[in-house]
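Each remark here refers to the structure printed beneath this line.
Side chains included, hydrogens not; waters and symmetry mates left out as well; all remaining heavy atoms used.
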Amino acid sequence: TGSGKSSLFNAVVGSDVATIGARRPTTSKPTAAIWGDEPAGPLLDWLEVDNRHQVGTGGSLDGLVLLDLPDFDSRESVNRAEAERMLELVDVFVWVTDPQKYADARLHDDYVAAMTNYDAVTIVVLNQADRLTPRQQQECLADLSRLLKRDGLTKAKVLATSARTGLGVGELREDLAQAVEGARAARTRLDADVRSVATALRHGVGDSEPELKGANTKELVTALARAAGVPTVAEAVRRDYQRQAVAATGWPFTRWVSALRPDPLKRLRLDPMEEKALGSREVRRSVTRSSIPEATPAAQAAVELAARRLAQSAGGDLPQPWAEAVALAALPSAAGRADDLDEAVVGTRLPGRRPMWWSVLGILQLLLALATVAGLVWLAAIFVVGWFQLPELPTVHVGPFALPFVLLAGGLALGWLLELISRWFASVGSRRRSAAARRKLDDAIATVADRSIVQPVAAVLARHRETRIQLDAAGATMPGAARRR
């Protein structure tokens, strides 16, 4: 207010278009001066500017629509609101101040400092410079430039003018002509808008993306494996191996007892023979559910805790909206998770190869059983012949013992010893097979964890990275980039 803004406007136009008076604020409604014959009516209707003046055609200012706005520091709130409304729409800003108010805090703190990205489309005019000596003009311009740089406007044009004497008016017209040329001002303003919005949005984005740590992922797989019943399945594999080993290598006269024991894998509906009957793991996976007991509340809580720790590790340092998005991605529904885990267990091909030593020991046990039966039958025949006092049967001796006794006693002793050996082999082999089954099941569970938790979290981090890169690129956009894009 009082800086001679309307007077300078009239000086640029070349006629008294804007109203000038002693009472402040004089300007309450925008006034437009239009250069050139291109219709500006629709534009001014959109801007809600009623006071219009056609300057003429020809010259470097053709295409310029110059607006004289109300004072931003007016005591009339309506005038301030009108000035602030126009500031959001125009392409070039011409701030008019004077030697008494160029350091005004409201000018710098409320307006200039908030328009850091718009320095390329900002002209700051020190009007009424005719009241200063040339040295004072230089000192005021230097101090004004210093204040503008402090506010972040390093590229703003600063010049001294006088509406009364015409000082600097021609230079101001040249600056406006350059802004009009090739519609550069509109593109520069658009670029400034992009950078301003990008800068504001950038505060809601982190400077980097954390990596998903292996320790947290391993903890998650362990918790999911427990919830899926992998320890139960691994124990069933161990007991099934021992049951089959006893059935294949045990004492033939007692191995039938193992057939009376329940099949642990069949009870869980994980029998490999069922897979062969259905044709493939995919068919089995689609039509079969296991009978593994549901996860206990403690196991479910362990999964929730592991997922939260993964989310905290991945998004703890990100701004709150991104951290919440990471946490949400890491916590899929419990029902869907249970189905995925059961499908992974059912679809895993458990180790089922028959070891060679089963066949070897099985054949040895069969031979020993035959020797035992032969010795028993031979001794029975000798007893019957002696009972009925029939001619003695020929008998072969092995040292001091008759061959039938050697066959019977040796078959029983060696068969029992061989069964002890086979049980020890079965104990070692069952632990190895259980460990192999657990590794395969853990791999299947890791796939579920990666698909249902890790990948969604990674997708959020990827979106964050893309957002950060795009905002950095938008914030660094220079004039002319808008046209190229």
Task: CZ/Arg465: more than 12 non-hydrogen atoms of other groups inside 6.0 Å - done: no
TODO: Flag the pair Leu167 / Gln137 as yes when at least one side-chain heavy-atom distance between them is below 4.5 Å, and no otherwise.
DONE: yes
TODO: Rounded to the nearest 0.5 Å, what's the gap from CG on Leu350 to CG on Leu441? Could you check?
DONE: 5.5 Å
Open item on the list: Just verifying a value: how many Å separate Gln455 CD and Thr447 OG1, rounded to the nearest 0.5 Å?
Closed with: 9.5 Å
Open item on the list: Between Asp443 and Arg439 (salt bridge meaning N to carboxylate O under 4.0 Å), is one present in this structure?
Closed with: no
Task: Heavy-atom side-chain contact between Leu220 and Arg309 under 4.5 Å - done: no
Task: Option among Thr31, Val90, Val12 that satisfies the side-chain contact (heavy atoms from CB on, under 4.5 Å) test with Leu66 - done: Val12
Open item on the list: Minimum heavy-atom separation for Ala160 and Ala129, please, with both atom names.
Closed with: CB-CB, 3.8 Å
- [ ] Check whether any side-chain N or O of Lys157 sits under 3.5 Å from a backbone N or O of Leu172 as a donor-acceptor pair, and report yes or no.
- [x] no
Open item on the list: What I'd like to find out is whether the side chain of Tyr102 reaches to under 4.5 Å of the side chain of Val124, using heavy atoms alone.
Closed with: no
Open item on the list: Quick check: closest heavy atoms across Gly168 and Leu159, and the distance to 0.1 Å?
Closed with: O-CD1, 3.7 Å
- [ ] Take Leu126 and Thr97 through the test side-chain contact (heavy atoms from CB on, under 4.5 Å) and record every step on the way to the result.
- [x] CA-CA 5 Å; Leu126 182 68; Thr97 185; 4.3 Å; yes
Open item on the list: Assess, by modelled atom type and distance only, whether the side chains of Gln300 and Glu304 contain a donor and an acceptor separated by less than 3.5 Å.
Closed with: no
Task: Glu38, CD atom: more than 12 neighbouring heavy atoms under 6.0 Å - done: no
Open item on the list: Within the 4.5 Å heavy-atom criterion, are Gln100 and Ser3 side-chain neighbours or not?
Closed with: no
TODO: Please lay out, stage by stage, how Tyr241 and Arg431 fare under the test side-chain contact (heavy atoms from CB on, under 4.5 Å).
DONE: CA-CA 9 Å; Tyr241 183 94; Arg431 289 195 296 270; over 6 Å; no
Task: Charged N-O contact under 4.0 Å between Lys218 and Asp442 - done: no
Open item on the list: Regarding Arg238 and Glu235, does a basic nitrogen lie under 4.0 Å from an acidic carboxylate oxygen?
Closed with: yes
- [ ] Nearest 0.5 Å please: distance from the CG atom of Asp339 over to the OG atom of Ser452.
- [x] 12.0 Å
Task: Donor-acceptor pair, side chain of Ser430 and main chain of Arg239, under 3.5 angstrom - done: no
Task: Closest non-hydrogen atom pair, Val303 against Ala227 - done: CG2-CB, 3.8 Å
Task: Flag, side chain of Glu219 to backbone of Ala306, donor-acceptor distance under 3.5 Å - done: no
Task: Val65, Leu176, Val55 screened by side-chain contact (heavy atoms from CB on, under 4.5 Å) with Trp35, the one that passes - done: Val55
Task: Ile34 side chain near Leu44 side chain, heavy-atom distance below 4.5 Å - done: yes
Task: Atom pair CD/CD of Glu466 and Glu209 - distance to nearest 0.5 Å - done: 10.0 Å
Task: Side-chain donor or acceptor of Asp151 paired with backbone N/O of Leu153 under 3.5 Å - done: no
Task: Flag, side chain of Arg433 to backbone of Arg353, donor-acceptor distance under 3.5 Å - done: yes
Open item on the list: Can a donor-acceptor pair be found, under 3.5 Å and without considering hydrogens, that links the side chain of Lys440 to the backbone of Arg349?
Closed with: yes
Task: Gln54 side chain to Gly36 backbone, donor-acceptor under 3.5 Å - done: yes
Open item on the list: Are the side chains of Arg202 and Thr199 in contact, using a 4.5 Å heavy-atom criterion?
Closed with: no
Open item on the list: Using 0.5 Å steps for rounding, measure from the OG atom of Ser208 to the CG atom of Leu318.
Closed with: 8.0 Å
Task: Pairwise distance CD(Gln470) to CG(Leu201) - rounded to 0.5 angstrom - done: 12.5 Å
Task: Minimum heavy-atom distance between Ala314 and Val457, given as atom pair plus value - done: CB-CG1, 3.8 Å
Open item on the list: Check whether Gln128 reaches the backbone of Gly2 with its side chain - one donor and one acceptor, N or O, closer than 3.5 Å.
Closed with: yes
Open item on the list: For a 4.5 angstrom cut-off between non-hydrogen side-chain atoms, does Lys5 reach Asp68?
Closed with: yes
- [ ] Decide side-chain hydrogen bond (donor to acceptor under 3.5 Å, both in side chains) for Glu324 and Gln320; before the verdict, give the C-alpha distance in whole Å, the side-chain angles of both, and the deciding distance to 0.1 Å.
- [x] CA-CA 6 Å; Glu324 292 176 353; Gln320 182 179 358; 2.9 Å; yes
Task: Residue Asp207 excluded, over 12 heavy atoms near CG under 6.0 Å - done: no
Task: Chi angles and distances behind the side-chain contact (heavy atoms from CB on, under 4.5 Å) call for Val96, Phe9 - done: CA-CA 10 Å; Val96 181; Phe9 179 86; over 6 Å; no
Task: Exercise: identify the closest heavy-atom pair between Arg85 and Leu47 - done: NH2-O, 2.8 Å
Open item on the list: Working note: Leu224 + Ile445, criterion side-chain contact (heavy atoms from CB on, under 4.5 Å); need CA distance, chi angles, decisive distance, verdict.
Closed with: CA-CA 7 Å; Leu224 287 172; Ile445 298 301; 3.6 Å; yes
TODO: With the side chain counted from C-beta on, respond yes when Asp98 and Arg131 share a heavy-atom pair under 4.5 Å apart, and no when they do not.
DONE: no
Open item on the list: Looking at every heavy atom in both Gly4 and Asn127, which two are closest together, and how far apart are they?
Closed with: O-ND2, 3.2 Å
- [ ] Evaluate whether atom CG of Asp317 has more than 12 neighbouring non-hydrogen atoms of other residues, nucleotides or ligands under 6.0 angstrom away.
- [x] no
